[in-house]
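Report on the following structure.
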Amino acid sequence: MARNKPVCHAGWSFYSMDPSSAGSLSDELKTAGLSQWAASEWLWPGQTSDEWCEHLRKTYSFKDCRLLVIYNWEFMIDRDVIAQKGIRKFLSGSS
């Protein structure tokens, strides 16, 4: 029987900012001896689909981000064609 070893990721909430400039995040990860983390509540909108894609890329590529949860999907993103296009572009790897 194959089993995955337990995983624990620290989670942070981000609104309209680059995680590389998000206060003490980098130091807290280092102090805790962690490289993996989660953007467990994230919303850094862009004015264009390219900006959305870039914001997602910057967040997901900071340290070893393992999870990115887009906040307020049902009330904002599902009606925003520009956001959806940027998200699709990020997911397709064409950023």
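The shown structure was predicted, so the numbers you read here are calculated from the model rather than taken from an experiment. Numbering starts at 1 and runs along the sequence shown. Computation of the quantities below employed the complete heavy-atom set of this structure, encompassing side-chain atoms and omitting hydrogens, waters and symmetry-equivalent molecules.
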Q.
When you group the ILVMFWY residues by side-chain heavy-atom contacts below 4.5 Å and let the links chain together, are I70 and L91 in the same group?
A. yes
Q. In the hydrophobic clustering that connects Ile, Leu, Val, Met, Phe, Trp and Tyr at side-chain heavy-atom distances below 4.5 Å, which members other than V81 occupy its cluster, ordered by chain and number?
A. none
Q. Are W37 and L34 connected in the hydrophobic side-chain network, where two residues link if heavy atoms are under 4.5 Å apart?
A. yes
Q) So which heavy atom on A39 is nearest to which on C65, and how close? A) N-SG, 4.1 Å
Q: For Y15, check side-chain contact (heavy atoms from CB on, under 4.5 Å) against everything at least two apart and list the hits.
A: S13, E41, L43, Y71
Side-chain donor-acceptor pairs of residues 17-27 under 3.5 Å, sequence neighbours excluded:
from	atom 1	to	atom 2	distance (Å)
D18	OD1	S20	N	3.0
D18	OD1	S20	OG	3.0
D18	OD2	S20	OG	3.4
S21	OG	D18	O	3.1
S24	OG	E28	OE2	2.3
S26	OG	K63	NZ	3.2

Q.
To check you understand the geometry: which heavy-atom pair defines the closest contact between S16 and P45, and what is its length?
A. OG-CD, 3.9 Å
**Q.** Heavy atoms from other residues, nucleotides or ligands near CD of Q47 exceed 12 (cutoff 6.0 Å)
**A.** no
Q: Taking the side chain as every heavy atom from C-beta outward, state whether D78 and W73 have any atom pair closer than 4.5 Å.
A: yes
Q.
Side-chain heavy atoms nearer than 4.5 Å, only ILVMFWY residues, links allowed to pass through others: does that put L68 and M76 together?
A. yes
Q. Taking the six-membered ring for Trp, are F62 and W44 ring centroids under 6.0 Å apart?
A. no
(Q) Donor-acceptor check, side chain of T59 to backbone of L56, threshold 3.5 angstrom: yes or no? (A) no
Q) Any side-chain heavy atom of E54 within less than 4.5 Å of one from K58? A) yes
Q.
Run the side-chain contact (heavy atoms from CB on, under 4.5 Å) test against I82 and tell me which residues pass, sequence neighbours left out.
A. S49, W52, D80
Q: Check side-chain contact (heavy atoms from CB on, under 4.5 Å) between T48 and all other residues, then give those that pass, not counting sequence neighbours.
A: D50, E51
**Q.** Partners passing ring pair (Phe, Tyr, Trp, His ring centres under 6.0 Å) against Y60 (at least two apart in sequence or in another chain)
**A.** none
Q) Between R88 and Q84, does a side chain to side chain contact (heavy atoms under 4.5 Å, CB included) hold up when you go through it step by step? A) CA-CA 6 Å; R88 282 189 194 97; Q84 292 172 21; 3.6 Å; yes
